[in-house]
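In what follows, a single structure is set out as structure tokens and then discussed.
Because the structure is a prediction, the values reported are computed rather than measured. Computed from heavy atoms alone, side chains included, the values below leave out hydrogens, waters and symmetry copies. Proteins come first, then strands; the chains are lettered A, B, ... in the order of their sequence lines, and each starts at number 1.
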Amino acid sequence: MTFSVNLSKERLLRAYRQMKLIREFEERLHVEIATGEIPGFTHLYAGQEAVAVGVCEQLSDSDYIVSTHRGHGHCIAKGCDVGGMMKEIYGRKDGLCHGKGGSMHIADMTKGMLGANAIVGGGPPIAVGAAIACKLRGNRFVSVAFGGDGSANQGTVFEAMNMAVVLRVPAIFILENNGYSEHTGAAYAVGSRDLAGRSRAFGMPAECVDGADFHAMYDAMGRAVARAKNGEGPSTIEAKITRYYGHFEGDPQNYRAKDEVAKLRVTMDCLKRFRARTEADRSVPQAELDAIDQEAVAQIDAAVREAKAALPPVEADLYSDVYIQY
Amino acid sequence: MPQITMRDALNQALHQEMARDERVIVLGEDVSGGAGGTSGEREASGGIFGVTKGLLPKFGEDRVIDTPISESAIVGAAAGAALAGLRPVAEIMFADFVGVCMDQIYNQIAKFRYMFGGKSTCPVVIRMAMGAGMNMGPQHSQAIYSLLTAVPGLKVVVPSNAYDAKGLLIQAIRDDDPVIFFEHKALYPRKGEVPEAAYTVPFGEAALVREGEHVTVVAIARMVPFAERAIDALAKEGITCDLIDPRTTSPLDEDTIIESVQGTGRLVIVDESPPRCGMASDIAAIVGQKAFRSLKRSIIQVTPPHTPIPFAPALERLYVPGPPRIEAAIRQALKDEDRA
Ligand SMILES: Cc1ncc(C[n+]2csc(CCOP(=O)(O)OP(=O)(O)O)c2C)c(N)n1
Ligand SMILES: [Mg+2]
């Protein structure tokens, strides 16, 4: 199992690129959504990038993840095509799901990305099922369920956690504790205020990690993956993190202190933290990170341009893919 | 009379019933919002669609309850509170999330009174926002009233306008049986004349929204204003229709529909729920059984296709029946079929 101290410069650059790509994807969506051109409602992942990337950098295309309504970061980190994602969000025919799912339902089976999910708590049981498949195949791969602090109050999540322990499957539960479920604070809605402790009570190890620290996330995930592949069963990682935007775009965020986000953008920025760390330990030349920043902006710019120009689905698409055969 | 939105009409109903009867409580996710937040603002939301606004400041945290994301526990707790003598109004934010708490609705609430031999009363209201048209995708857009209308023991309400919404919600709260109350998201901003004072609209009584002689049109929830548009356009050509809004699908006012069909002999049913085992096919079956001899031609059902609801606006527009499809269906209903 690799830990962050052993990561090559190339691997570190890749991790930074993934985080920056997610940040730029979301920051740009924030701007584009305000123009009214993007349909539906969208939940941005900005601020939480190190969680998705720290987790997924430990995975391959043969490992599985299930995601949430706030899924863009998980999708990018797991290798989904950014251009295809953007087209999906714009409701285009050659979007990753042909425009039929949209922001909350991006999936790519070839990348082990079993789907974002608009039902809070819908994903974890599905991840347990994929973990059963992994176990049958010798625990060489693992299955990861992403979920928020709010999702952790859903009975389906309790059921999935207990079943994963009972069946000793290689499942990993990532609880992204960003402090809010919609307009309600976790301080109110999570009775014990301790998601890791709650997970432990099901009989699995659970770490509580600083979710803005890529290195810490990567290492915690490394331990969980090692345990899963050893046949020792599931783990939980609670990532303490923040979201930079509202619950969905357009949320006035009356429940949040006025300066909260501005402050957290200084103290809880995974990109700045990554730079500080890699500058201090000289693992990555900072100029290379600057170059990545520019590449990410250009890549997202191209994705938006192409998505805007792409064609919508046609009538026949309405009726296709309800069944394979009927 | 003041013109207010359906959202405000529902909000008025909740305010008035909570003031009138202290057994009425409201519970759900973010019904007030702000609990545990860092701004200190307690009513940070007032419901994701604003229907429960102002309740928390007026009636307090004991009666206006923000819950964790736990739909099974929300509905189950509402059921238990109702058995224990309260009159809970539970909110399931989107009707699609009924998938999470179906047991509490289907096996518990719906069955109590019957299986306990008439000894229990469960006066619970479960409100939920439904319907397509906002590009919210396959898990946030469904119109599932047909699914729940199929369950004996539940009453099912599907208002199409602000006036009915207020009166039906007050009736639902005062009703001693469990009521599922569907609010179409696209109708929240629809304005109508609504008296300030509390009033009820009885269940099982359809509204005759338009009167005409050529075709009977039955439409549900958002399909009612769509049908109005189609019918008003045809009126200019001298084609007139009865437009019936059942207002509740359980109980269903069969008599009003049958009487109208006896007059017109032609029936178009407009239903936003899926075509299989839905309200359109249910009403068609009832009319086929009870008014067969009055029919001059086969019944026409206007529904979405048998597919999930697509996200892309280009597809969702095709999914939802709109005024052009309704108009075409009425024209078709006027043609007699060749009998093979
Ligand atoms: C079953 C269900 N209930 C409620 C919702 C509405 N909803 C969507 S996201 C959300 C909050 C989720 O909070 P959390 O799990 O902390 O994730 P976050 O939004 O913070 O990423 C809620 C209540 C839903 N989509 N599904
Ligand atoms: Mg959260």
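Heavy atoms of other residues, nucleotides or ligands lying less than 6.0 angstrom from CZ of R265(A) number more than 12. Atom NZ of K263(A) is surrounded by 12 or fewer heavy atoms from other residues, nucleotides or ligands within 6.0 Å. Crowding of M128(B) atom CE: a count of heavy atoms from other residues, nucleotides or ligands under 6.0 Å exceeding 12. Other residues, nucleotides and ligands contribute over 12 non-hydrogen atoms within 6.0 Å of the CG atom of D259(A). The number of heavy atoms from other shown groups lying within 6.0 Å of CZ (F202(A)) is above 12. More than 12 heavy atoms of other shown residues, nucleotides or ligands fall within 6.0 angstrom of atom NZ in K111(B).
Summarising the geometry of A44(B) relative to N254(A), their closest heavy-atom pair is O-ND2, 3.5 Å, with the distance given to 0.1 Å. Scanning all heavy atoms of the two residues, the minimum distance from A314(B) to P312(A) falls at CB-CB, 3.7 Å. For P313(A) against A312(B), the heavy-atom pair with the smallest separation is CG-CB, 3.7 Å. Scanning all heavy atoms of the two residues, the minimum distance from Y255(A) to G34(B) falls at CB-CA, 3.9 Å. Closest non-hydrogen pair, S151(A) versus I69(B), comes out as N-CD1, 4.4 Å.
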Practice problem: Check the pair Y319(A), H306(B) against ring-ring contact (aromatic ring centres under 6.0 Å, His included), reporting the backbone distance first and the verdict last. | Solution: CA-CA 8 Å; Y319(A) 309 103; H306(B) 183 63; over 10 Å; no
Quiz item: For R256(A) and E41(B), what are the C-alpha separation, side-chain angles and deciding distance, and is it a side chain to side chain contact (heavy atoms under 4.5 Å, CB included)?
Solution: CA-CA 8 Å; R256(A) 267 180 133 169; E41(B) 189 173 329; over 6 Å; no
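Contact count against chain B (heavy-atom pairs under 4.5 Å) is highest for G150(A) among G150(A), A189(A), A187(A). Among A118(A), G91(A), G95(A), the residue with the largest count of heavy-atom pairs under 4.5 Å with chain B is A118(A).
If you measure heavy-atom distances from E316(B) to chain A, you find no contacts under 4.5 Å at all. Neither the backbone nor the side chain of V157(A) comes within less than 4.5 Å of any heavy atom in chain B. Heavy atoms closer than 4.5 Å to chain B are found nowhere in F158(A), neither backbone nor side chain. At a 4.5 Å heavy-atom cutoff, the contact between N117(A) and chain B is made by backbone and side-chain atoms alike. Using a 4.5 Å cut-off between heavy atoms, E260(A) contacts chain B through its side chain alone, with no backbone atom that close. Contact annotation for I38(A): neither backbone nor side-chain heavy atoms come within less than 4.5 Å of a heavy atom of chain B.
Between H183(A) and I48(B) there is a side-chain heavy-atom pair separated by less than 4.5 Å. A heavy-atom distance below 4.5 Å is found between the side chains of P39(A) and F311(B). Contact check for Q139(B) versus H105(A): side-chain heavy atoms found under the 4.5 Å cut-off. Here the side chains of P310(B) and L318(A) are in contact, with some heavy-atom distance below 4.5 Å. The shortest distance between side-chain heavy atoms of M104(A) and M136(B) does not fall below 4.5 Å. Taking the side chain as every heavy atom from C-beta outward, S39(B) and K258(A) never approach each other to under 4.5 Å.
Rounding to the nearest 0.5 Å gives a distance of 8.5 Å between CG of L315(B) and OG of S320(A). Within the model, atoms CD of Q253(A) and OG of S45(B) stand 13.0 Å from one another, a figure rounded to the nearest 0.5 Å. Rounding to the nearest 0.5 Å places CD of Q154(A) at 9.5 Å from CZ of F97(B).
The aromatic rings of F94(B) and F41(A) sit tilted, their planes meeting at an angle between 30° and 60°.
Pairs of residues two or more places apart, or lying in two chains, that qualify as side-chain hydrogen bond (donor to acceptor under 3.5 Å, both in side chains) and include a residue from residues 28-37 of chain B are T184(A)-D30(B), S32(B)-R42(B), S32(B)-D66(B).
In the model, T38(B) has a side-chain atom that pairs as donor or acceptor with a side-chain atom of Y180(A) under 3.5 Å.
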